[in-house]
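Worksheet: the structure to be examined is printed underneath.
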Number of protein chains: 2
Amino acid sequence: MSNIRDVARLAGVSVATVSRALSAPEKVSEESLSKVQDAIAQVGYRPNMLARNFRSTRSYAVVVLVPDIANPFYSLFIRALEDRAQQKGYAVLLGDTRGTSEREQEYIRRVETRLADGIIQLRPSSEKSQNTIPAGIACVNACGCELTTGPSIRIDNRAAARTMVDYLISLGHRRIGVISGLKDNPHTIDRLEGYKEALASAGIAYDKDLIAEGDFTMWSGLNSAFQFCNMKNRPTAIFSMNDEMAIGAMQTLKSQGIRVPEDMSVTGFDDIAYAKYCDPSLTTISQPAEEMGKMAMDMLLRIIEGEPLSQTECVLPTEFIIRKSTGPAPYQK
Amino acid sequence: MSNIRDVARLAGVSVATVSRALSAPEKVSEESLSKVQDAIAQVGYRPNMLARNFRSTRSYAVVVLVPDIANPFYSLFIRALEDRAQQKGYAVLLGDTRGTSEREQEYIRRVETRLADGIIQLRPSSEKSQNTIPAGIACVNACGCELTTGPSIRIDNRAAARTMVDYLISLGHRRIGVISGLKDNPHTIDRLEGYKEALASAGIAYDKDLIAEGDFTMWSGLNSAFQFCNMKNRPTAIFSMNDEMAIGAMQTLKSQGIRVPEDMSVTGFDDIAYAKYCDPSLTTISQPAEEMGKMAMDMLLRIIEGEPLSQTECVLPTEFIIRKSTGPAPYQK
DNA sequence: TTGTACGCGTTATCAG
DNA sequence: CTGATAACGCGTACAA
């Protein structure tokens, strides 16, 4: 509970000297410095960062807005973000929005009231999905899409999806079901685009009955898969827009006696930790979450500190990972 | 960028009145109130919380120390903690320690320098595993064990483990392998105690060769399981100290042609989301993470605000969940 | 190199 | 009910 004045008094110097001893030791004589250090140790002085932040009108904290922290895909991002922030002396304020814009508003308000210096957005935003973050607030989207406005880090979702579907087609699949995210989710849109491109270039007609709308949860994957099981002319492969839904879908298929990949191939997206361990292990697209988080944080801090940005949008490469959930299309009568 | 003085000037009142209009509107006349509100709207005033916090020597933030945010078990806790903190007007500072006490120190320092008002510890701590949190810092362990000192929320790990092993024994298993966490981890110690108790009361001798040390990761479960596969007299059941290791272990068993549960039963601990969806679904112990997080946060905020604690240690009930990874012991020659 | 003095935006006290 | 003013702890011109 001691303050800088106590230290100054004990050391026999002024508060200014103590302040300098802490933030710019080279501007203080050896003698004063050691006297100050002794005094600090003696009274157990800890600078009051609340006061320091107040003075500098900076909180040295950054809000990370995440739709759901329990989603393992976001966990990877957050770990990278936190790591980087810590390195640079910033704190991460966790903002689990639970998908509601109401909660999002509360966190935005934290920036407006100076409790945070900026925002990392972990939700794909575009012009359509109303971007609720007011202009004038430092913000980087670490998980963007093609239509994202403002600074962002992203992958090429369309190209990645296309790669995946091209691969399925190369295995002989012609009827390829899709388990998508919510219809208006920008990732859904980009990835669906890639799916359509792949079909088109193989001369396969797009059939909207092959699109099942999920919401990126395992549970929705489980349900969507039933839709395909019950079709008279069911698909021979399922392109799921994330790993969790793919895993849920495989569960359903197994329960219906459909073998993966012999009877039906299944693919995921994201490459969460579990994708490698599920049964069969999942063919998927790996996102460089670590790298993306790091870059997003760097970009945000640069904006906050008023440094120039070399680029405002950054597209990182994905990795296509073939595992055991995919195989040749079964013979169709 | 406008401050309370600007508002006061525009509204034609004093700064004190503006301050009161915001924090105690009932102490201000209707007339002044509306003048103030108009002025606030007009200049787009946002109170500077940095100044407010400085004034009140409180940051209204709480550090959540977590060994690894990517661990799905902790995610559930964090979600509950964040939810509760948000409700009560506190922010959550994410403190991913990556298991290092160095990082832990940095976050403790944040409390000492007033950047946070207290700490939620999501690591089982005991007298032995040196508790690095200095006295005088408000701290609650949301994930305690029997030896945890200070305020804590926990489950009865020993009893839960015993319930699980009793169940395996009731299925006819006599040789029950254990995949433990690190040896000195308090959870490991408590759960191992429960294991031993169950064996003892069934008159089964404890065999230390049946204990494989893991580290709570899927990978370590995968490895540990090999140890059992290769034994001449291999166990008929594996009691894994968390779900991830159990899932890893099942992967190994499958790869070795050992069927679960026909040839070998496997059990987990925690009941993470995947436990229900893996194949076969996992018999496990469910911890009330939501409730635990909520209670831990409530307890911490009570300490911070100087309110009396009705109890300093709280033990919550677990749920024993039987799924498909366990079955009768196979016939042994 | 060092010290003095002021300001940052807010709340609390106290007198009106 | 209202207003003037003194804190809160720190950084930093400016003067010495």
Side-chain angles (χ1 to χ4, degrees), chain A residues 1-40 43-61 89 109-117 305, chain B residues 1-40 43-61 89 109-117 305:
Chain A
M1 291 302 189
S2 56
N3 61 28
I4 201 170
R5 257 188 306 271
D6 299 332
V7 176
R9 198 176 311 128
L10 187 62
V13 299
S14 72
V15 293
T17 302
V18 177
S19 178
R20 281 187 286 254
L22 288 170
S23 53
E26 72 280 4
K27 293 189 166 185
V28 172
S29 70
E30 295 265 340
E31 194 190 343
S32 297
L33 192 57
S34 74
K35 281 195 294 186
V36 168
Q37 285 167 340
D38 288 351
I40 286 178
V43 302
Y45 169 70
R46 291 273 176 278
N48 184 336
M49 294 296 195
L50 244 35
R52 181 175 294 183
N53 288 353
F54 167 54
R55 255 305 307 232
S56 60
T57 63
R58 281 275 192 77
S59 63
Y60 295 97
R109 192 151 219 283
R110 278 209 158 80
V111 180
E112 294 175 331
T113 59
R114 320 284 204 292
L115 286 180
D117 298 331
E305 315 215 322
Chain B
M1 290 300 189
S2 57
N3 61 28
I4 201 170
R5 256 188 304 274
D6 299 330
V7 175
R9 197 176 311 125
L10 187 62
V13 299
S14 71
V15 293
T17 300
V18 177
S19 177
R20 278 188 290 254
L22 287 171
S23 53
E26 73 280 3
K27 292 188 166 186
V28 172
S29 69
E30 295 265 339
E31 193 191 344
S32 297
L33 192 57
S34 74
K35 279 195 296 186
V36 168
Q37 286 167 341
D38 288 351
I40 286 177
V43 302
Y45 168 70
R46 290 272 175 277
N48 183 336
M49 293 298 195
L50 244 35
R52 182 176 293 183
N53 289 353
F54 166 53
R55 201 20 237 216
S56 61
T57 65
R58 282 274 192 76
S59 64
Y60 294 97
R109 192 150 219 284
R110 280 209 157 81
V111 179
E112 294 175 333
T113 59
R114 319 287 203 291
L115 287 179
D117 298 332
E305 315 217 321

B:L115 vs A:L50 side-chain heavy atoms within contact, under 4.5 Å: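 Side chain of B:L115 against side chain of A:L50, heavy atoms only: contact under 4.5 Å found.
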Rounded to whole angstrom units, what separation is found between the [atom1] atom of [X] and the [atom2] atom of [N]?
X     : N      : atom1 : atom2 : result
A:N48 : D:dA7  : CG    : P     : 18 Å
B:L50 : D:dC8  : CG    : P     : 19 Å
B:N53 : D:dC10 : CG    : C1'   : 16 Å
A:R52 : D:dC8  : CZ    : P     : 19 Å

Residues in salt bridge (charged side-chain N to carboxylate O under 4.0 Å, His left out) contact with A:E112, at least two apart in sequence or another chain: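 Result, salt bridge (charged side-chain N to carboxylate O under 4.0 Å, His left out) vs A:E112: B:R46.
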Salt bridge (charged side-chain N to carboxylate O under 4.0 Å, His left out) against A:R9, all qualifying residues, sequence neighbours excluded: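 Once residues adjacent in sequence are excluded, the partners of A:R9 under the salt bridge (charged side-chain N to carboxylate O under 4.0 Å, His left out) criterion are A:D6.
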Difference in axis direction between the ends of the helix from C:dT1-D:dA16 to C:dG16-D:dC1, five pairs, 10°: 40°
Of residues 54-61 of chain A, the positions that come close to DNA chain C - non-hydrogen atoms, cut-off under 4.0 Å: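 Contacting residues: A:F54, A:R55.
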Smallest separation among heavy atoms of A:V28 and A:R20, with atom names: CG2-CB, 3.7 Å
Nearest heavy atoms of B:S23 and B:P25, plus distance in Å: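 That closest heavy-atom pairing would be C-CD, 3.7 Å.
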Listed by chain and number, what are the side chain to side chain donor-acceptor pair (under 3.5 Å) partners of [X], not counting sequence neighbours?
X      : result
A:S19  : none
A:S29  : A:S32
B:R109 : none
B:S14  : B:T17

Covered region of DNA chain C, 5' end to 3' end, by chain B [heavy atoms, under 4.0 Å]: C:dG9 to C:dA12
Approximate separation, where rounding is to 0.5 Å, of A:N53 CG and B:F54 CZ: 11.0 Å
Distance in Å, A:R52 CZ paired with A:R55 CZ, rounded so as to fall on 0.5 Å steps: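 One finds 11.5 Å between CZ of A:R52 and CZ of A:R55.
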Set of side chain to side chain contact (heavy atoms under 4.5 Å, CB included) partners for A:A11, sequence neighbours left out: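 Side chain to side chain contact (heavy atoms under 4.5 Å, CB included) check on A:A11 returns A:V13, A:K35, A:V36, A:A39.
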Every protein N/O lying under 3.5 Å from an N/O of nucleotides 2-5 of chain D:
unit_1, atom_1, unit_2, atom_2, d
D:dT2, OP1, B:S29, OG, 2.5
D:dT2, OP1, B:S32, OG, 2.3
D:dT2, OP2, B:S29, N, 3.0
D:dG3, OP2, B:S14, N, 3.1
D:dG3, OP2, B:S14, OG, 3.3
D:dG3, OP2, B:T17, OG1, 2.7
D:dG3, N7, B:R20, NH2, 2.9
D:dG3, O6, B:R20, NH1, 3.1

B:Y60: partners by ring-ring contact (aromatic ring centres under 6.0 Å, His included), with sequence neighbours left out: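 B:Y60 satisfies ring-ring contact (aromatic ring centres under 6.0 Å, His included) with B:Y90 once adjacent residues are dropped.
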